[in-house]
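Note sheet for the following structure.
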Amino acid sequence: MRTTRAAAVAAVTMSLALAATACGGGSSTDGGGSNDSPKTLTYWASNQGASIEVDKKVLQPELDKFEKETGIEVKLEVVPWSDLLNRILTATTSGQGPDVLNIGNTWSASLQATGALLPWDKAQFDKIGGKDRFVDSALGSTGAEGQDPAAVPLYSMAYALYYNKKAFADAGISEPPATWDELVADGKKLTGDGKWALGVEGSNPSENIHHAVVFAKQHGADFFTADGKPDFTSDKAVAGVKQFVDLMAKDKIIAPGSAEYAQNQSVSDFAKGKTAMLLWQSASANLKSQGMSEDAYGIAPVPVQSGTPGTGTGVNSMVMGINMAVFKNTDNIDGATKFVKFMTSDAEQKVLNQAYSSIPPVKGAQADAAFNTPANAVLKDTLAKSAVAAPQVADESQFETAVGTAIKGLFAEAAAGRKVTEESVKAALEKAQQQMPTK
């Protein structure tokens, strides 16, 4: 999911627990939806562009096209990431929500557990052209294993390392780092005179989680056991989180001020030349909107501990992206299905994913020449070979909040000049684990 969102507030845990009893968002139609309002739909879109206004300019012409084709008016609201999850959770309990909405793919299993979203079984997928139209890696982040998906993939993204070509040349660095040791060594050459090697969004728990999962995987750890129980404090998980935070605390290649970032400031710093490297999801459109030429930067895979990216400890990204979901209690179930079909059609996938520099999760669109750029080659290769889905457990959103906030606190300690030790990392993760729901 694109990390323009700030942290979901602590009320998420309680809201989700209540939502689990909602069973279809309070629908009076026994969770099956109706066609009582066949001429209108409400759509909550996530903020994918550089601003909400940019999203409206991208989306409204497509919604007008859909209305012309079907006679169905789509009432659009672009919801900031800082509000989206809590708005959705409130809707699952009140029954007062949109017909169709975007969800971050890491939330799929959590929102599936509320029972408020329409399941996408074979019959429902057949209405939009079939499940086999979609890339397997994107389908892997649509809900818990063994259950019908709770959503349909819309945009796919992966993390990459963006690097400033001039800064690298000035520092005498001929190629991007492939391992974290190389990144730290290069980073020390790139840090100085008011500039820093790398930026992070240290106050954004969700962004922290994306990196923490990858670092833990590279150390051979998961944050959940095979049966879905939290396992935050294993030695390998602690080592992964510590290595991430140590980029500021020990290696000192990240500015202390980055500990307060939560609204894409690290992207802006990179675009303005204040940092030489950026770890981000499908950043090209965002950088272009801030005036950075595509010729000014290169794109490389996120570093690994050693060797090359791949499966197991070679994982270097989560499978990021946006899914489309339908509330069970929609008053226009047929129209909502038509809208999902329209948005995931090959033609619309090309339009939308080009606008957001993301990768179509639809096979036919992904094969289009427009997505065969050097930048997309890195992202597509990562998604195909070395990205891993977020934990598909019902408590995933609480995990993001608890562990992501713990890492936020560790960055704050590092920014204040305090030493981050294995003991302090383990204590922070232990406290996070205690905040998880008990079964």
Side-chain angles (χ1 to χ4, degrees), residues 1 3 104-106 108-109 131-132 134-147 149 153 155-162 176-183 206-232 234-244 279-282 299-321 323 358-363 366-367 371 374-393 396 399-400 403:
M1 137 191 356
T3 50
N105 67 354
T106 64
S108 295
K131 191 175 183 179
D132 60 359
F134 296 88
V135 176
D136 287 343
S137 61
L139 288 171
S141 295
T142 54
E145 186 176 354
Q147 298 184 39
Y155 313 126
S156 288
M157 304 164 201
Y159 276 90
L161 177 70
Y162 295 76
T179 69
W180 290 109
D181 285 347
E182 291 174 359
L183 183 140
S206 296
E207 179 75 6
N208 289 339
I209 277 296
H210 300 159
H211 296 300
V213 167
V214 169
F215 273 99
K217 285 283 188 182
Q218 290 188 4
H219 283 268
D222 288 302
F223 283 102
F224 290 88
T225 62
D227 58 354
K229 295 178 181 178
D231 185 23
F232 300 168
S234 70
D235 290 346
K236 292 179 179 179
V238 169
V241 170
K242 186 176 187 299
Q243 185 182 13
F244 176 41
L279 293 168
W280 206 254
Q281 308 168 48
S282 306
I299 303 177
V302 173
V304 293
Q305 302 299 325
S306 63
T308 58
T311 56
T313 57
V315 164
N316 66 343
S317 177
M318 284 174 61
V319 176
M320 308 307 302
N323 294 340
S358 47
I359 304 296
V362 173
K363 295 174 183 176
Q366 190 177 120
F371 300 100
N376 283 341
V378 173
L379 303 179
K380 288 164 70 174
D381 196 59
T382 296
L383 286 168
K385 299 177 182 178
S386 57
V388 65
Q392 295 297 299
V393 295
E396 199 284 334
F399 161 61
E400 286 194 20
V403 175

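The figures that follow rest on heavy atoms only: side chains count, while hydrogens, waters and symmetry mates do not. For the single chain, residues carry numbers from 1 onward in sequence order.
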| field | Where Thr106 and Ala390 come nearest, the two heavy atoms and their spacing | value | CG2-CB, 3.6 Å
| request: Report the relative orientation of the aromatic rings in Phe232 and Phe224; use parallel for angles under 30°, tilted for 30 to 60°, perpendicular for over 60°. | output: perpendicular
| task | Provide the closest heavy-atom pair for Val315 versus Val304 in the form atom of the first, atom of the second, distance. | result | O-CG1, 4.5 Å
| query | Do Ile359 and Leu383 come within less than 4.5 Å of each other through their side chains, counting heavy atoms only? | reply | yes
| message | Is there a side-chain contact between Pro391 and Asp222 in this structure, where contact means two heavy atoms from C-beta onward sitting under 4.5 Å apart? | response | no
| Who passes side chain to side chain contact (heavy atoms under 4.5 Å, CB included) against Gln305, sequence neighbours left out? | Trp180, Phe215, Gln218, His219, Gln243
| Nearest heavy-atom neighbours spanning Pro301 and Leu161 | O-CB, 3.9 Å
| request: Would you please say whether a donor-acceptor pair under 3.5 Å links the side chains of Asn105 and Thr142? | output: no
| query | Do Ser156 and Val319 touch side chain to side chain, with heavy atoms closer than 4.5 Å? | reply | no
| Ala158 and Thr382: which non-hydrogen atoms are nearest, and at how many Å? | CB-CG2, 3.9 Å
| query | Looking at NZ of Lys363 and CG of Asp136, how far apart are the two atoms once the value is rounded to the nearest 0.5 Å? | reply | 5.5 Å
| query | How long is the gap from OG on Ser282 to CG on Asn376, to the nearest 0.5 Å? | reply | 7.5 Å
| query | Is there side-chain contact between Tyr159 and Met320, with heavy atoms separated by less than 4.5 Å? | reply | yes
| field | Stepwise side-chain hydrogen bond (donor to acceptor under 3.5 Å, both in side chains) check, Asn316 with Ser386 | value | CA-CA 6 Å; Asn316 66 343; Ser386 57; 2.7 Å; yes
| request: Please lay out, stage by stage, how Thr313 and Lys217 fare under the test side chain to side chain contact (heavy atoms under 4.5 Å, CB included). | output: CA-CA 6 Å; Thr313 57; Lys217 285 283 188 182; over 6 Å; no
| query | Does NZ belonging to Lys236 count more than 12 external heavy atoms closer than 6.0 Å? | reply | no
| request: Start with the C-alpha distance between His210 and Gln281, add both sets of side-chain angles, then the distance that settles side chain to side chain contact (heavy atoms under 4.5 Å, CB included), and finish with yes or no. | output: CA-CA 10 Å; His210 300 159; Gln281 308 168 48; 3.8 Å; yes
| ring-ring contact (aromatic ring centres under 6.0 Å, His included) partners for Phe371, two or more places apart | none
| task | For the residue pair Asp181 and Thr179, confirm or rule out a side-chain donor-acceptor distance under 3.5 Å. | result | no
| Are the side chain of Gln366 and the backbone N or O of Val362 linked by a donor-acceptor pair below 3.5 Å? | no
| query | Can you name the nearest heavy-atom pair linking Asn323 to Pro153, along with the distance? | reply | OD1-CA, 3.3 Å
| field | Mutual orientation of the aromatic rings belonging to Phe399 and Phe223 [parallel < 30°, tilted 30-60°, perpendicular > 60°] | value | tilted
| task | Could you tell me whether the side chain of Trp280 reaches within less than 4.5 Å of the side chain of Met157, counting heavy atoms only? | result | no
